[in-house]
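For reference, the structure discussed in these notes is given below.
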Number of protein chains: 2
Amino acid sequence: MPRRGRVKKEGPESGEDSDEYRKRRDRNNLAVKRSRVKSKQKTQETVNRVNELRNENTVLEEKVKTLTKELGFLKELFLAHASNNVDASKYEGINLQKLLADDSSASTSNDKNPGTT
Amino acid sequence: MPRRGRVKKEGPESGEDSDEYRKRRDRNNLAVKRSRVKSKQKTQETVNRVNELRNENTVLEEKVKTLTKELGFLKELFLAHASNNVDASKYEGINLQKLLADDSSASTSNDKNPGTT
DNA sequence: CGAAATTGCGCAATAG
DNA sequence: GCTATTGCGCAATTTC
């Protein structure tokens, strides 16, 4: 789509005289203005969206940090306790190794429910 | 055919002859091009940034979800175990209530789990 | 003050 | 056939 600049054509390329021509030009100029306003709005919205997302991101990162910390602590606690009383057999089907691993990718897919009460 | 609103009158505002004038015009046209390319690049980068942030966000949300799940499970586990052996006294100064609360904001009730059984 | 950069605006081609 | 979009040039203004 080669967009030529002003071609010095004098002929009736797209308009005939000054009557209909002017009207068309004016209408197009209005359309151009509308389009540009729209374009700017869109750009601004995109910029705003970046800021929103950055904020959400910060919140989420803090949340991850907090949760990771808590989880780490609880794991230590649990392991320390379990080392004293090795009765983890109660939690037979549970993937403790997986859950207690430092990694954070446990699915907790246990069907069996350890008798709670 | 109207030539750019500017008629034959010499405009001492910005041009003088056809010599220096043309050079100035050409240089400005180049500058305009540069500026517009730059502007478009910036816009595009902003759009890209939105996509990047959206992806990061999704990842973080999943992470939060996983961590929350793990944490909830571990808390249940810990509480179930602690109800059998009330030796939480080993962790004297620790805010277990706070940590073990389902939420990350515990009330100011500092009761020591009197062991109902 | 001087040159480049940015901006508003209109034109024309063309996409939809 | 009309509006919307876009590259381009001009000129005013801004920025450096």
Side-chain angles (χ1 to χ4, degrees), chain A residues 1-69 104-105, chain B residues 1-69:
Chain A
M1 25 185 191
R3 203 137 277 130
R4 289 168 266 163
R6 182 70 264 271
V7 174
K8 48 144 160 213
K9 205 138 170 236
E10 197 87 25
E13 31 186 78
S14 56
E16 47 248 38
D17 281 332
S18 313
D19 180 19
E20 187 64 24
Y21 169 72
R22 195 62 252 159
K23 282 189 180 177
R24 267 186 287 119
R25 281 302 330 130
D26 287 346
R27 260 179 291 139
N28 178 247
N29 288 338
L30 290 178
V32 167
K33 277 186 190 173
R34 270 184 305 237
S35 181
R36 284 175 178 156
V37 166
K38 195 174 167 184
S39 176
K40 277 188 184 176
Q41 282 177 346
K42 215 159 92 180
T43 297
Q44 189 53 52
E45 279 171 23
T46 304
V47 171
N48 293 339
R49 186 80 184 116
V50 165
N51 290 327
E52 289 174 12
L53 284 172
R54 279 214 313 228
N55 290 337
E56 286 181 39
N57 226 291
T58 300
V59 169
L60 283 171
E61 275 174 7
E62 284 177 19
K63 207 164 180 176
V64 166
K65 193 176 171 186
T66 300
L67 286 172
T68 301
K69 207 168 165 186
S104 305
S105 55
Chain B
M1 191 182 197
R3 267 93 173 172
R4 233 75 357 95
R6 220 175 102 72
V7 211
K8 215 237 151 160
K9 281 300 185 172
E10 32 258 278
E13 299 106 31
S14 57
E16 52 223 45
D17 291 328
S18 297
D19 178 20
E20 187 64 27
Y21 168 72
R22 194 64 252 158
K23 284 190 179 177
R24 266 185 285 120
R25 282 302 330 132
D26 288 346
R27 257 187 315 215
N28 177 247
N29 287 340
L30 291 179
V32 167
K33 271 188 188 176
R34 263 174 307 206
S35 180
R36 284 174 176 155
V37 165
K38 194 174 168 185
S39 176
K40 278 187 185 175
Q41 281 178 346
K42 214 162 100 181
T43 297
Q44 189 54 50
E45 279 172 22
T46 305
V47 171
N48 292 340
R49 187 77 184 118
V50 165
N51 290 328
E52 289 175 12
L53 284 171
R54 279 213 314 226
N55 289 338
E56 286 183 39
N57 223 289
T58 300
V59 170
L60 284 172
E61 275 174 7
E62 283 177 21
K63 206 163 181 177
V64 166
K65 193 177 170 185
T66 300
L67 286 172
T68 301
K69 210 169 165 184

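We name chains A, B, ... by the order of the sequence lines, and we start the count at 1 in each one. Excluded from the calculations below are hydrogen atoms, water molecules and symmetry mates; all remaining heavy atoms, backbone and side chain alike, are included.
Phosphate proximity of C:dG10 to A:Tyr21: absent, as no side-chain N or O sits under 4.0 Å from OP1 or OP2. Distances shorter than 4.0 Å separate some side-chain N or O of B:Arg34 from OP1 or OP2 on C:dA5. Taking side-chain N and O atoms only, B:Ser35 has no distance below 4.0 Å to OP1 or OP2 of C:dA5.
B:Arg24 places its CZ atom 13 Å from the C1' atom of C:dA4, with the value rounded to the nearest Å.
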Just distance, no hydrogens or angles: give the donor-acceptor pairs under 3.5 Å from side chains in residues 27-35 of chain B, sequence neighbours left out.
from	atom 1	to	atom 2	distance (Å)
B:Asn28	OD1	B:Arg25	NH1	3.1
B:Asn28	OD1	B:Arg25	NH2	3.0
B:Asn29	OD1	B:Arg25	NH2	2.7
B:Asn29	ND2	B:Arg25	O	3.4

Table please: side-chain donor-acceptor pairs of residues 42-53 of chain B below 3.5 Å, with sequence neighbours left out.
from	atom 1	to	atom 2	distance (Å)
B:Thr43	OG1	B:Ser39	O	3.2
B:Gln44	NE2	B:Asn48	OD1	3.2
B:Thr46	OG1	B:Lys42	O	2.9
B:Asn48	ND2	B:Gln44	O	3.4
B:Arg49	NH1	B:Glu52	OE1	2.9

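Interatomic distance, CD of B:Glu56 versus OG1 of B:Thr58, reported as 10.0 Å (0.5 Å rounding). Between atom CG of residue A:Asn57 and atom CD of residue A:Glu62 there is a gap of 11.0 Å, rounded to the nearest 0.5 Å.
Partners of B:Thr68 according to the side chain to side chain contact (heavy atoms under 4.5 Å, CB included) rule, which considers only residues two or more places apart in sequence or in another chain, are A:Leu67, B:Val64. Listed by chain and number, the residues in a side chain to side chain donor-acceptor pair (under 3.5 Å) with A:Asn55 amount to none (sequence neighbours excluded).
Against DNA chain D, the stretch residues 36-45 of chain A makes heavy-atom approaches under 4.0 Å through A:Arg36, A:Lys38. Contacts between residues 25-33 of chain A and DNA chain C, defined by a heavy-atom separation below 4.0 Å, involve A:Arg25, A:Asn28, A:Asn29, A:Val32, A:Lys33, listed by number.
Looking at B:Lys23 and B:Asp19, no side-chain N of the basic residue comes within less than 4.0 Å of a carboxylate O on the acidic one, giving no salt bridge.
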